[in-house]
2 protein chains.
Amino acid sequence: MSVTTHLKSLQALEMAIREGSLKAVADRLGITPAAVGQRVRSLEDYLGTDLLLRGRSGLKPTAELEHSLKDLHMAFAALVRVTESLDFQRVSEIHIVADPDWAELWLAPRIDGFREEHPHIQFCINGAGDVPVRLGTPDIRIGFSDAQDEPLFSDLLVPVTGPDNVRRIADWDPVMQMEGLPLLHLQAQRDDDDCPGWVEWFQTFGHRKTGPDRGVHYKHTRLALEAVRENVGFLVCGLSLVLRDYESGSIVIPFPVSQHLKAPHPYRLKVRPDSEKRPQVQRFVAWLRNAAGDTRRQIEELAAQSDTDQTG
Amino acid sequence: MSVTTHLKSLQALEMAIREGSLKAVADRLGITPAAVGQRVRSLEDYLGTDLLLRGRSGLKPTAELEHSLKDLHMAFAALVRVTESLDFQRVSEIHIVADPDWAELWLAPRIDGFREEHPHIQFCINGAGDVPVRLGTPDIRIGFSDAQDEPLFSDLLVPVTGPDNVRRIADWDPVMQMEGLPLLHLQAQRDDDDCPGWVEWFQTFGHRKTGPDRGVHYKHTRLALEAVRENVGFLVCGLSLVLRDYESGSIVIPFPVSQHLKAPHPYRLKVRPDSEKRPQVQRFVAWLRNAAGDTRRQIEELAAQSDTDQTG
DNA sequence: TTTCAAACTAAAGATAAACTTTAGTAATGT
DNA sequence: ACATTACTAAAGTTTATCTTTAGTTTGAAA
C-alpha cells in the first residue's frame with residue numbers, strides 16, 4: 001500500500017472546503033493565507049490537477065476532489081478525535097509558589113495564553129487554582145530568591161496613578177508638582193528596607209519635600225492598584241505589574257520612566273530538579289522565559305523611550 | 001473544533017504500530033530510522049505521554065494510545081484512499097518525438113525513475129509507449145533542432161568496444177594500435193556530413209592509416225552497441241549513449257576520453273507552448289533538465305579525468 | 001464606469017521543521 | 001564472547017514551510 005504524502009496540504013484542503021475561504025483556514029491554523037495557498041498549491045502541483053475552484057464567492061472542490069471529499073473529511077475528523085483523546089489523557093499538574101503580587105499581577109493575566117494551548121495542564125499557584133495543594137516542594141518557585149537562581153527580569157519602580165489624576169497634574173507647579181497629593185504605599189515599602197517607595201523616590205527625583213511617607217498603606221499591590229485605577233492617589237510600583245493596565249490606559253505613568261528606582265532584586269525562577277524533566281514543566285518554563293523576555297523588552301523599551309520622549 | 005497538529009508524527013505512529021518496527025516505517029517512508037524515532041518522540045514530548053512501547057520484540061501501543069488506535073488506522077486508511085483516488089484521476093499523456101538513438105539509449109533507461117514517481121503519466125515516445133500516437137505536434141521534441149531551442153547537453157564522440165577487446169589492445173603497437181581492427185560504423189556517419197565517425201577520429205588522433213571507412217554499417221546505434229557488447233568490433237559513438245554501459249562495464253572506452261570528437265550540435269529540447277502549462281509536462285521537463293544536467297556533469301567529469309588519468 | 005476593499009497569488013527571503021550523520025546503547029542470536 | 005540488529009542522542013545540515021511585500025482579480029459600492 002502506498003503512503004500518503006502532503007499531509008499538511010490535505011489538511012489545508014479539507015479545511016478550505018469546510019471553511020469556504022483560505023483566510024479562514026489561515027486563521028484557524030495560525031498561519032498566513034499565503035501559506036495556506038501554498039499548501040494547497042503544492043498538492044495540486046504534485047498531482048497535476050486543480051483541486052480547489054477559487055470562485056468568486058467561496059471555494060469549491062473540483063470534480064476530481066468531489067469523489068474523495070467524504071474520505072477526506074472522515075480522515076481528519078478521526079484525527080481530531082485521536083488528538084483530543086490523547087490530549088485529555090495527558091492531564092498533568094504544575095505547582096507554583098510565587099511572590100503574591102507577581103502571581104496576581106504579572107502571571108495571572110498572562111497565563112491564560114498558555115492554558116489555551118495546554119488545556120490539560122492544571123495549575124496550583126500559591127495554593128489556589130485548578131488543583132489542591134500538594135505536600136512537599138512545589139515544581140516552580142518565583143520570587144527574590146538566591147542569587148544563583150535564574151533571573152527572569154529586573155523590574156523598575158515608577159509612580160503610577162489613575163487616568164483622571166494626570167489631567168490635573170499639568171496645572172501644578174512643575175517644581176513642587178506633587179506637594180500635598182494623596183500618596184498610596186505598600187506595607188513592604190515601610191517594613192522592608194529592600195523595597196523602595198515614595199520616600200526614596202522623592203529623595204531621588206524631588207517634586208515634593210514634605211510627608212513622603214504619609215497616606216494609606218496597602219498590603220497587596222493588587223488592592224493598591226485598584227485604588228489607583230479609581231484615581232484615589234499615586235503609588236510607586238513595579239513597572240512589570242502594570243504593563244497591561246498601562247497599555248489599556250487604565251493606569252497612567254505620570255513621569256518619564258527614566259525617573260525610576262531599580263528594584264533591588266530581579267524576579268528569579270527556580271525549578272525543582274525532579275520536575276525539570278517533565279515535559280509539561282519544560283513547556284511551561286519555556287513559555288515563562290519567553291513571556292518574561294517580552295516583559296524585559298517592554299521595560300527596556302519604555303525606559304529608553306522616556307530618555308528622549310518627555311511625555312508622561 | 002481544534003485542529004490536528006503533528007500530522008507526520010501521527011502517521012509515523014500509525015505505521016509503526018502496523019509495521020512493528022521503526023526501521024520498517026523508515027523504509028516505507030524513505031527516511032532514516034532515526035527520523036522516524038524523532039517523529040514519534042516529538043509527539044510524545046508534545047503530549048507528555050509515552051505512546052509507543054519500544055519492546056525487545058516489536059513495538060506496542062501504550063494504554064493511552066490503545067483507545068485511539070481504531071480512529072488512527074481509520075484516518076490514515078481514508079487518507080490513503082483519498083490520495084490513491086486523486087492519483088488515479090490525474091492520468092495524463094505526454095507525447096514525445098525524439099532522436100531515435102537518444103530515445104532508445106539515453107531516455108529509455110532513465111525514464112523509469114520518473115515513471116515510478118509518476119505512475120499516472122503515460123508516454124508516447126516516437127509513436128510507441130503506453131498510449132497511441134495523437135494527431136498534431138507532440139508536447140516535447142528532442143533532437144538537433146533550431147539553435148534557439150534549449151540545449152540539454154553536448155555530446156562527445158568516443159571509440160567504444162567490448163570488454164574482451166580491450167584486454168587484447170594492450171599488446172598492440174602503441175602507434176598503430178588499431179591497424180586492421182574490425183570497425184563498426186553508423187549509417188549517419190557515412191551519409192551525414194554533420195556526423196563524425198572513424199574517418200574523422202583517425203584523422204585527428206592517428207592510431208591507424210588505412211581503411212578507416214571499412215566495416216559494417218548499422219542504421220541504429222542500439223544495434224551497433226549490441227554488437228560492440230559482444231566484442232564484434234570498435235565503434236565511434238556518443239558518450240552520453242553508453243554511460244550506463246560504461247559504468248556497468250559491459251562497454252569499454254579504450255582510449256582516454258580526451259581523445260574525442262565534439263558532436264556538432266547539442267541535443268536540444270523544444271516544448272510546445274501549449275503543453276508548457278500542463279503541470280505534468282512541467283514536471284517531466286524539470287526531470288529531463290535534471291537528468292540531462294547529470295549527464296552533462298558525467299561527461300565533463302570523464303573528459304576531465306582523462307586529462308590526467310591515462311587509463312582507458 | 002470608476003473606485004475600493006477583500007481575498008487570493010507570486011516571488012523572495014527568513015525561519016523553523018525535518019532529516020541525516022555519527023556515535024553509542026541495549027537486546028538477541030551465533 | 002562477539003557480531004548483529006534495532007533503536008537513541010546530539011549535532012549539524014538540508015529542506016520545507018512560512019512570512020513579507022507587492023501585485024492581481026473579483027465583486028460591490030459610489
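All chains are named by letter (A, B, ...) in the order of the sequence lines, taking the proteins before the strands, and each is independently numbered beginning at 1.
The nearest heavy atom of DNA chain D to A/A34 and to A/K8 marks one nucleotide each, and the one closer to the 5' end goes with A/K8. Comparing B/A24 and B/Q38 by the nucleotide of DNA chain D whose heavy atom lies nearest to each, the residue mapping closer to the 5' end is B/A24.
Per the geometry, CG belonging to B/L7 stands 17 Å off P belonging to D/dA16, to the nearest Å. Summarising the geometry, the separation between NZ on A/K60 and C1' on C/dC8 is reported as 18 Å, rounded to the nearest angstrom. Put simply, CG on A/L22 is 12 Å from P on C/dA10, counting in whole angstrom units. A/L53 places its CG atom 19 Å from the P atom of C/dA7, with the value rounded to the nearest Å. Rounded to whole Å, atom P of D/dC7 lies 11 Å from atom CD of B/E19. A/I31 places its CD1 atom 11 Å from the P atom of D/dT17, with the value rounded to the nearest Å. One can place CZ of B/R39 at 15 Å from P of D/dT8, the figure rounded to the nearest angstrom. Counting to the nearest Å, the C1' atom of C/dT9 and the CG atom of A/D50 are 14 Å from each other.
Applying the 4.0 Å criterion to OP1 and OP2 of D/dT19, one finds that A/T32 has a side-chain N or O inside that range. Contact between the side-chain N/O atoms of A/R54 and the OP1/OP2 oxygens of C/dT9 is found at a separation under 4.0 Å. Distances shown here put every side-chain N or O of A/R41 at or beyond 4.0 Å from the OP1 or OP2 atom of C/dC8.
Comparing C/dA18, D/dC7, D/dT19 against the side chain of B/K23 picks out D/dC7 as the nearest. Listed candidates were D/dC18, D/dC7, C/dC8. Nearest to the side chain of A/L59 is C/dC8.
A/R283 forms a cation-pi arrangement with B/Y46, by the criterion of a distance under 6.0 Å to the ring centre and an angle within 45° of the ring axis.
The pair B/R141-B/D146 does not meet the salt-bridge criterion, since no charged nitrogen lies less than 4.0 angstrom from a carboxylate oxygen.
The closest donor-acceptor contact from the side chain of B/R81 to the backbone of A/D71 lies at 3.5 Å or more, if one exists at all.
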- [ ] Start with the C-alpha gap between B/T62 and B/D50, add the side-chain angles, then the distance that decides, and say whether side-chain hydrogen bond (donor to acceptor under 3.5 Å, both in side chains) holds.
- [x] CA-CA 7 Å; B/T62 61; B/D50 281 355; over 6 Å; no

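A/S21 comes within contact range of the sugar-phosphate backbone alone, with a heavy-atom separation under 4.0 Å but no base atom that close.
Between the side chains of A/T4 and B/Q11, not a single donor N or O lies within less than 3.5 Å of an accepting N or O.
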